[in-house]
Amino acid sequence: MAATDFLCRAETRRALWVMGGVFAFSILFQFCELPYGNFIGSLFSGLNFNRMNYVNTQINFTGGFDEKISRNDSIFSIESKKSGGNHPDDSSRVELLKPNTNLAPERAMEFGNIVKGNNGNVAPMLNEQNKDDNIVPLPSDIESPPLISSPPQVDDNLIAPIATQIDEVTVIVVPLNSTNATTQLMNSPAPSVSHSHVDTDNSTALARSHNPNEATGLLRNDHALSGNGSTMTKRNPAAKKASVEGVVSISEMTNMLLRSSHPSNLLTNPTWSSAGDEALLSAKSQIESAANNISDPGLYAPVYHNVSKFKRSYELMEQNLKIYIYKEGKRPIFHQPKLKGIYASEGWFMKQLKASKQFLTDDPNKAHLFYLPFSSQTLEEVVYVPGSRSFDKLKAFLNNYLDLIKGRYPFWNRTQGADHFLVACHDWAPEETRREMANCIKSLCNADLREGFKFGKDASLPETNIVSTNPSRSLGGNRPSQRKFLAFFAGSMHGYVRPILLKHWQNKDPMMKIFGRMDNHDYILHMKSSKYCICARGHEVNSPRVVESISYQCVPVIISDNFVPPFLETLNWETFAVFVQEKDIPNLKSILESIPLRRYLKLYNNVMKVQQHFLWHPEPVKYDTFYMILHSIWYNRVFQIAS
């Protein structure tokens with residue numbers, strides 16, 4: 001019995017020694033390797049999100065990140081340089097910088113997990129591997145290493161429930177008859193999302209709102225010829241607050257731009273200066289002092305606010321502009337443009353910019369602008385979880401990508417993103433980029449003052465339905481004397497404006513050709529045979545009909561309150577288009593008939609003069625849509641630089 005007790009005590013001591021050794025080893029391990037300051041917290045890193053606070057911390061970029069970690073990322077990898085296809089076997093890799101824990105041990109962090117898939121599983125976003133360092137150096141002409149504001153907080157789980165996390169973003173409010181900017185917090189509940197089938201229609205989408213009075217509209221595929229088999233309808237909650245009070249007319253928009261096209265609150269002072277900033281300041285001075293003369297027969301002065309300034313700005317863009325495209329990001333969301341459908345403008349811009357030898361640079365230190373090469377359409381198709389009724393994963397995906405850019409390059413931090421730009425045509429782009437990309441120059445199809453579009457910073461993107469790999473279309477139409485109809489519209493009844501239009505004018509007057517859906521052939525014939533083509537908003541403010549009207553020399557009549565039309569900083573839209581407020585739909589015929597014939601003929605002639613700015617070509621042509629989009633971005637950046 002005594003022997004048995006002795007053996008039991010010995011085994012107990014041995015077990016205690018083993019347990020103590022394991023505990024000591026775990027403490028040593030978490031001290032040396034794990035990022036969150038304690039063993040349990042490192043195992044459950046999501047619980048420590050609030051501890052990763054970078055606010056009010058400034059670090060030296062080169063000194064603050066002294067260790068290199070090589071990672072393998074299936075989404076945010078550097079674009080493969082191999083040609084052709086979608087690169088399904090692309091195993092491109094990226095390198096991240098490991099924060100210097102000696103500098104700020106309590107704030108050291110690493111990237112966590114990529115967004116959850118439809119099955120609810122969380123996949124690791126980054127896996128370790130070995131690779132030579134490839135971090136972009138700072139410009140050599142900087143006198144001393146600049147101080148860079150540290151990256152913002154990163155949610156390890158990448159999902160922030162919208163019900164518990166308020167999206168506090170300051171947006172510009174543009175009240176009627178005033179150019180004073182005020183701010184308003186946007187507290188947006190999650191949107192409601194559903195699916196509906198798309199039939200064949202020349203210029204319509206069949207995603208329908210069950211509530212025609214829903215003022216903020218739905219996501220739409222506004223042109224069935226895009227070839228999509230289905231489309232998603234987005235119902236913004238009724239509680240969503242507008243960022244504009246009332247309706248800002250096109251005249252007021254123009255006056256605001258001409259009086260103060262770039263308010264002082266949009267002017268940027270980079271953390272450190274660069275040679276590119278000096279070039280932009282020089283361009284700004286030359287544009288402002290451009291002589292009032294014109295020698296370009298390709299430009300018709302009456303359709304521009306100031307043709308001399310536009311020509312000088314365009315010339316300086318051609319001579320000086322250099323753009324760096326981030327190579328991070330993997331297909332299909334990044335670097336893979338979609339070239340068909342109503343969102344194709346973003347794809348054609350990406351395609352033609354990436355092929356440009358004139359504007360691109362491989363040295364980011366020489367760049368004036370930085371392009372974020374993602375497709376907003378593909379982002380929705382790949383990342384959005386049907387039925388989730390939430391933008392969270394789309395926002396988290398973009399934020400994760402942006403954190404990668406911030407951590408690897410110093411350029412975002414230099415200007416807080418003011419010299420970065422995106423081109424996005426999907427309806428959801430304003431919401432997806434509202435917070436983390438607030439300072440970017442955004443070229444958006446959904447250019448809606450009620451959704452935070454900022455004059456002097458953002459650019460309106462033409463929405464062009466493209467149905468073939470050659471986007472050129474047959475131009476022109478009948479002469480004015482052969483246009484037998486006063487007005488024409490055909491399209492599906494999504495949104496709240498179109499049902500009102502049909503209620504008042506369908507089958508009410510032989511001169512007002514207002515229809516629902518119509519086949520493509522008849523649609524084009526009616527456009528070519530009508531004096532005015534109605535461009536009524538659908539789910540969102542923009543529509544392919546604006547470009548289609550101009551293509552067929554039909555004067556566009558835009559019924560879309562607070563829509564900022566493309567290239568407004570350059571083009572005088574009131575010289576070739578008519579704007580009717582939504583509330584005036586019952587008086588539409590009398591408004592159009594009140595336009596004198598002489599005035600109509602000027603509008604008709606000016607439509608032909610601006611056609612060149614709304615055309616895509618297989619290879620960019622001077623003053624075409626590609627160059628005009630690029631000019632809008634260039635122009636806004638030039639005038640954001642503080643003197």
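Judged by distance alone, with hydrogens and angles left aside, the side-chain atoms of S560 form no donor-acceptor pair with the main-chain N or O of R537 at under 3.5 Å. Judged by distance alone, the side chain of R483 and the main-chain N or O of M527 form a donor-acceptor pair under 3.5 Å. No donor-acceptor distance shorter than 3.5 angstrom exists from the side chain of S356 to the backbone of Q352, with no hydrogens or angles considered. Of the possible polar contacts, one joining the N542 side chain to the C445 backbone as a donor-acceptor pair under 3.5 Å is found. The backbone N or O of T575 sits less than 3.5 Å from a side-chain atom of N606, completing a donor-acceptor pair. Checked by atom type and distance alone, the side chain of S313 never pairs as donor or acceptor with a backbone atom of K309 at under 3.5 Å. Of the possible donor and acceptor atoms, none in the side chain of N605 sits under 3.5 Å from a partner among the backbone N and O of L601. A distance-only check finds a donor-acceptor pair linking the side chain of N562 to the backbone of G246 [under 3.5 Å]. A donor-acceptor distance shorter than 3.5 angstrom exists from the side chain of D561 to the backbone of E582, with no hydrogens or angles considered. Put simply, the side chain of W505 gets close to the backbone of I585: a donor and an acceptor are under 3.5 Å apart.
A pairwise comparison of heavy atoms in F489 and I534 identifies CD1-O, 3.4 Å as the closest pair. Between I250 and P565, the shortest heavy-atom distance links the atoms CD1-CG, 3.7 Å. The two atoms that bring A301 and V307 nearest to each other are CB-CG1, 3.8 Å, heavy atoms only. When all heavy atoms of G491 and M493 are compared, the pair lying nearest together is O-CE, 3.1 Å. Across M437 and L402, no two heavy atoms sit closer than the pair CG-CD2, 3.9 Å. When all heavy atoms of W348 and P618 are compared, the pair lying nearest together is CZ3-CA, 4.2 Å.
Atom NZ of K508 has more than 12 neighbouring heavy atoms from other residues, nucleotides or ligands inside a 6.0 Å radius. The environment of K531 atom NZ is sparse: at most 12 non-hydrogen atoms of other residues, nucleotides or ligands sit within 6.0 angstrom. Other residues, nucleotides and ligands contribute only 12 or fewer heavy atoms inside 6.0 Å of the NZ atom of K602.
Within the 4.5 Å cutoff, side-chain heavy atoms of L475 are placed close to those of L615. Here the side chains of L571 and F614 are in contact, with some heavy-atom distance below 4.5 Å. A heavy-atom distance below 4.5 Å is found between the side chains of F563 and S460. Between L449 and V564 the shortest side-chain heavy-atom distance falls below 4.5 Å. Residues L422 and K442 are in side-chain contact: their nearest non-hydrogen atoms beyond the backbone lie under 4.5 Å apart. By the 4.5 Å heavy-atom criterion applied to side chains, V248 and R450 are not counted as neighbours. For the pair S549/C535, a side-chain contact is recorded, criterion being any heavy-atom separation below 4.5 Å from C-beta on. When side chains are defined from C-beta on, M512 counts as touching L486, because their heavy atoms get closer than 4.5 Å.
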Stepwise side-chain contact (heavy atoms from CB on, under 4.5 Å) check, E451 with R434: CA-CA 9 Å; E451 295 198 19; R434 184 184 299 273; 4.2 Å; yes
Stepwise side-chain contact (heavy atoms from CB on, under 4.5 Å) test for C425 and Q377: CA-CA 7 Å; C425 201; Q377 179 182 0; over 6 Å; no
Start with the C-alpha distance between I633 and R637, add both sets of side-chain angles, then the distance that settles side-chain contact (heavy atoms from CB on, under 4.5 Å), and finish with yes or no. CA-CA 6 Å; I633 296 167; R637 178 57 189 154; 5.7 Å; no
So T433 and C440, side-chain contact (heavy atoms from CB on, under 4.5 Å) or not? Walk me through it. CA-CA 9 Å; T433 61; C440 285; over 6 Å; no
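The residue from I595, V578, L592 that alone fulfils the side-chain contact (heavy atoms from CB on, under 4.5 Å) condition with V555 is V578. Of the options F310, Y304, F359, F567, a ring-ring contact (aromatic ring centres under 6.0 Å, His included) to H631 is made by F310 and by none of the others. For the ring-ring contact (aromatic ring centres under 6.0 Å, His included) criterion with Y532, the lone passing option out of F488, Y604, Y600 is Y600.
Atom NZ of K340 and atom NZ of K338 lie 11.5 Å apart (nearest 0.5 Å). Rounded to the nearest 0.5 Å, atoms CZ (R517) and OH (Y523) are 14.5 Å apart. Rounding to the nearest 0.5 angstrom, the gap separating the OG atom in S249 from the CE atom in M256 is 9.5 Å. With values rounded to the nearest 0.5 angstrom, L630 atom CG is found 12.5 Å from T625 atom OG1. With values rounded to the nearest 0.5 angstrom, D584 atom CG is found 4.5 Å from I591 atom CD1. For the atom pair E463 CD and L461 CG, the distance stands at 8.5 Å (nearest 0.5 Å).
Below 30°, between 30° and 60°, or above 60°: for H426 and W428 the angle between ring planes is above 60°, a perpendicular geometry. In this pair, F374 and F334 present their aromatic rings perpendicular. The plane angle is above 60°, beyond the 30 to 60° band. Using cut-offs of 30° and 60° on the angle between ring planes, the pair F421 and Y371 is parallel. By the 30° and 60° cut-offs, the orientation of the rings of F455 relative to F453 is perpendicular. Using cut-offs of 30° and 60° for the angle between ring planes, the F626 and F349 rings count as tilted. Aromatic ring pairs are classed by plane angle as parallel below 30°, tilted from 30° to 60° and perpendicular above 60°; the pair Y623 and Y314 is tilted.
Contact check on K395 versus E431 returns a salt bridge, with a Lys/Arg side-chain nitrogen under 4.0 Å from an Asp/Glu carboxylate oxygen. Between R545 and E548 there is no salt bridge, since no side-chain N of the basic residue sits under 4.0 Å from a carboxylate O of the acidic one.
The ring of F639 has its center closer than 6.0 angstrom to the ring center of Y635.
Counted by atom type alone, S375 and Q336 present zero donor-acceptor pairs between their side chains at under 3.5 Å. For the 3.5 Å distance criterion, the side chains of H305 and T254 fail to qualify, holding no donor opposite an acceptor. In this model, a donor atom of one side chain and an acceptor atom of the other lie less than 3.5 Å apart for E346 and S376.
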